[in-house]
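Below is one structure; the comments refer to it alone.
In what follows, every chain begins at residue 1, and chains take the letters A, B, ... in the order their sequences are listed.
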There are 2 protein chains.
Amino acid sequence: MSLRHGLLGLLAEGPASGYDLTRRFAELLGQVWPARHPQIYAELGRLAEAGLIEVDSHGPRQRKAYRITGAGLAEVRRWLTDDEVDHTLRMEPLLRSVFFWLMEPADLAAHLERERQYYSGTAAAMRTYAGAKDRGEFGTSEQTRSLRIAAEAGIRLFEALAEWASWAERYAAEHLTEHHSETGHHSEHPPALPEGRPGSGSA
Amino acid sequence: MSLRHGLLGLLAEGPASGYDLTRRFAELLGQVWPARHPQIYAELGRLAEAGLIEVDSHGPRQRKAYRITGAGLAEVRRWLTDDEVDHTLRMEPLLRSVFFWLMEPADLAAHLERERQYYSGTAAAMRTYAGAKDRGEFGTSEQTRSLRIAAEAGIRLFEALAEWASWAERYAAEHLTEHHSETGHHSEHPPALPEGRPGSGSA
DNA sequence: AAGCGCATGTAAAGGGTTACATGATTGC
DNA sequence: GCAATCATGTAACCCTTTACATGCGCTT
């Protein structure tokens with residue numbers, strides 16, 4: 001459960017309301033840790049009850065800003081230094097790639113081309129953003145420096161994916177097109193499998 | 001909900017039991033789409049009820065293998081070609097990176113070094129695996145080719161992350177160590193929070 | 001006064017993990 | 001016979017999303 005710590009981390013920069021945090025999460029963290037407002041409001045309630053944050057001010061409309069407490073700040077720091085990193089990755093596009101052999105070559109080529117464009121577009125947007133930071137357009141605070149590091153990860157990740165998609169297009173064209181019908185028709189049942197394999201190893 | 005389609009995709013290769021699929025998910029897909037056995041058994045039940053898979057055979061012990069149906073095969077293919085790709089990424093290590101400014105420089109350096117090792121180790125393991133595939137050690141079926149493409153994504157992704165961690169170590173040493181002390185000394189407590197900014201916009 | 005965007009929430013359902021429970025077979 | 005492993009499942013809980021609901025304040 002990292003949403004808790006993500007919220008504490010953002011609040012470490014200064015007071016903010018649930019609404020602020022929702023937008024901040026979407027803009028800044030949406031790419032690596034999505035969170036919708038109901039979850040954020042609920043978590044803020046729990047954080048307040050645990051004494052890690054407290055109400056800072058009430059503003060116009062029903063606006064309610066929270067402030068991090070000493071205990072809260074200690075807790076983010078404990079998380080950052082002591083808690084084990086969870087390397088679990090969940091990425092639908094890569095799950096799909098395992099099943100590319102089930103696709104028609106033409107569909108696969110189109111798919112990979114769309115993916116390539118998506119990744120390189122995202123990488124480009126991040127590169128632009130990082131460039132602005134490097135020119136000091138967001139100041140030179142330590143928060144900004146951290147964000148610059150995060151942006152660099154995004155750039156490298158999405159560039160790697162764009163290059164992968166491009167590589168995969170070529171690889172598939174070479175290795176995955178067989179005599180595969182030009183008719184658009186394909187066999188009802190895929191290659192029947194070696195039956196059984198009850199306790200077989202795999203990989 | 002991609003677990004459903006992941007299971008169908010694996011079953012497209014041939015009949016398998018919940019137990020087989022659990023291990024297959026862990027070995028093959030654990031890195032991009034984790035799934036535990038209770039979730040898998042539950043989903044298999046739903047898939048069978050929906051007519052997308054059916055019981056193929058009962059084996060020793062209580063083993064119960066499923067086989068994909070024509071409707072199931074059509075459904076995976078529909079997913080692969082028609083369903084929009086969900087690019088949502090969830091990656092705790094990158095979430096953390098946004099909050100690096102809250103860490104002691106020494107702790108951060110240690111953290112980044114551990115991360116670098118983790119990523120380059122994982123990339124190396126995948127490279128070895130891909131090499132075996134390239135030497136034809138797993139045959140030359142279309143399934144194997146697909147897996148080779150997926151492995152390539154893993155290699156590139158983890159290599160990119162390893163290089164990022166290495167870059168971040170240098171960047172942090174240069175930009176994130178306060179007055180850039182050559183003394184190796186740093187203050188006990190990082191910058192006290194800028195108070196205030198109640199209703200401020202963000203980003 | 002109408003409409004939009006701000007701002008906060010609740011309810012219900014879905015997806016996913018952890019812990020618990022149980023029985024069958026194989027190998028020693 | 002005993003232990004290890006195969007194999008399946010249930011129950012409870014937690015995390016996350018979607019849909020619904022409401023009210024305030026600003027602009028036109």
| Parallel, tilted or perpendicular: which describes the rings of A/Y118 and A/F158, with under 30° parallel and over 60° perpendicular? | perpendicular
| message | Let me confirm one number: the CD-CZ distance from B/E142 to A/F99, rounded to the nearest 0.5 Å. | response | 14.5 Å
| said: Rounded to whole Å, how long is the line connecting atom NE2 of A/H58 with atom P of D/dG23? | reply: 19 Å
| said: Going 5' to 3' along DNA chain C, between which two nucleotides do contacts with chain A fall, using a heavy-atom cut-off of 4.0 Å? | reply: C/dG5 to C/dT17
| Does the side chain of B/L112 come within less than 4.5 Å of B/L108's, by heavy atoms? | yes
| Any sub-3.5 Å donor-acceptor pair from A/S120's side-chain atoms to A/A162's backbone N or O? | no
| query | Do B/Q31 and A/H87 get their side chains close enough for a donor-acceptor pair, meaning under 3.5 Å? | reply | no
| task | Using a cut-off of strictly less than 4.0 Å between a heavy atom of the residue and any atom of DNA chain D, enumerate the qualifying residues of residues 2-9 of chain B by number. | result | none
| said: Is there a salt bridge (charged side-chain N to carboxylate O under 4.0 Å, His left out) between B/E115 and B/R96? Walk through the geometry before answering. | reply: CA-CA 12 Å; B/E115 287 292 286; B/R96 280 169 185 261; over 6 Å; no
| message | For A/L102, is there any backbone N or O sitting under 3.5 Å from a side-chain donor or acceptor partner on B/R77? | response | yes
| message | Return whichever of A/P60 or A/W33 has its heavy-atom-nearest nucleotide of DNA chain D closer to the 5' end. | response | A/W33
| query | Relative to the ring of A/H37, is the ring of A/Y41 parallel (under 30°), tilted (30 to 60°) or perpendicular (over 60°)? | reply | perpendicular
| Could you state the CD1-C1' distance from B/I40 to D/dT8, rounded to the nearest angstrom? | 12 Å
Using atom names, set out every protein N or O paired with an N or O of nucleotides 10-14 of chain D below 3.5 Å, distance rounded to 0.1 Å.
none

| query | Roughly, in whole Å, what's the span from CZ in A/R63 to P in D/dC26? | reply | 14 Å
| task | Measure the acute angle between the ring planes of A/W79 and A/H5, then classify it against the limits of 30° and 60° as parallel, tilted or perpendicular. | result | parallel
| task | Scan residues 44-53 of chain A against DNA chain D and write down, sorted by residue number, each residue with any heavy atom closer than 4.0 Å; if none is found, say none. | result | none
| request: Quick one: closest heavy-atom pair of A/L94 and A/S97, and the distance? | output: O-OG, 2.6 Å
| said: For a quick test of reading the model: is some side-chain N or O of B/S17 closer than 4.0 Å to OP1 or OP2 of D/dT8? | reply: yes
| Any donor-acceptor pair under 3.5 Å linking the side chain of A/T144 with the backbone of A/F138? | yes
| Between atom CD in B/Q62 and atom C1' in D/dT5, what is the gap in whole Å? | 12 Å
| task | Could you tell me whether a side-chain N or O of B/W164 sits under 3.5 Å from a main-chain N or O of A/I149, the two making a donor and an acceptor? | result | yes
| said: Quick check: on DNA chain D, is the nucleotide nearest A/E43 upstream (toward 5') of the one nearest B/G18, or the reverse? Name the residue that is more 5'. | reply: B/G18
| note | the helix from C/dA1-D/dT28 to C/dC28-D/dG1: angle between terminal helix axes, five bp per end, to the nearest 10 degrees, reads 10°
| Do side-chain atoms of A/T22 reach the backbone of A/G18 as a donor and acceptor pair under 3.5 angstrom? | yes
| remark: Note: A/Y66 and A/I53 closest approach over all heavy atoms is CD2-CD1, 3.6 Å
| said: Let's see if you can work this out: which of D/dT16, D/dC24, D/dC6 has an atom nearest to the side-chain heavy atoms of B/R61? | reply: D/dC6
| field | B/Y19 vs B/R23 side-chain heavy atoms within contact, under 4.5 Å | value | yes
| remark: In whole angstroms, the gap separating P of D/dC15 from CD of B/Q39 amounts to 16 Å
| field | Nucleic acid contacts of residues 83-93 of chain A, taken as heavy-atom distances under 4.0 Å to DNA chain C | value | A/R90
| field | A/R145 side chain vs B/Y171 backbone, donor-acceptor pair below 3.5 Å | value | no
| Taking C-beta and beyond as the side chain, do B/R36 and B/F25 meet within less than 4.5 Å on heavy atoms? | no
| Going by atom types only, do B/R170 and B/S166 share a side-chain donor-acceptor pair under 3.5 Å? | yes
| said: Donor-acceptor pair, distance only, cut-off 3.5 Å: does the side chain of A/D20 make one with the backbone of A/S17? | reply: yes
| said: In this structure, how many angstroms lie between the P atom of D/dG23 and the OH atom of A/Y19, rounded? | reply: 19 Å
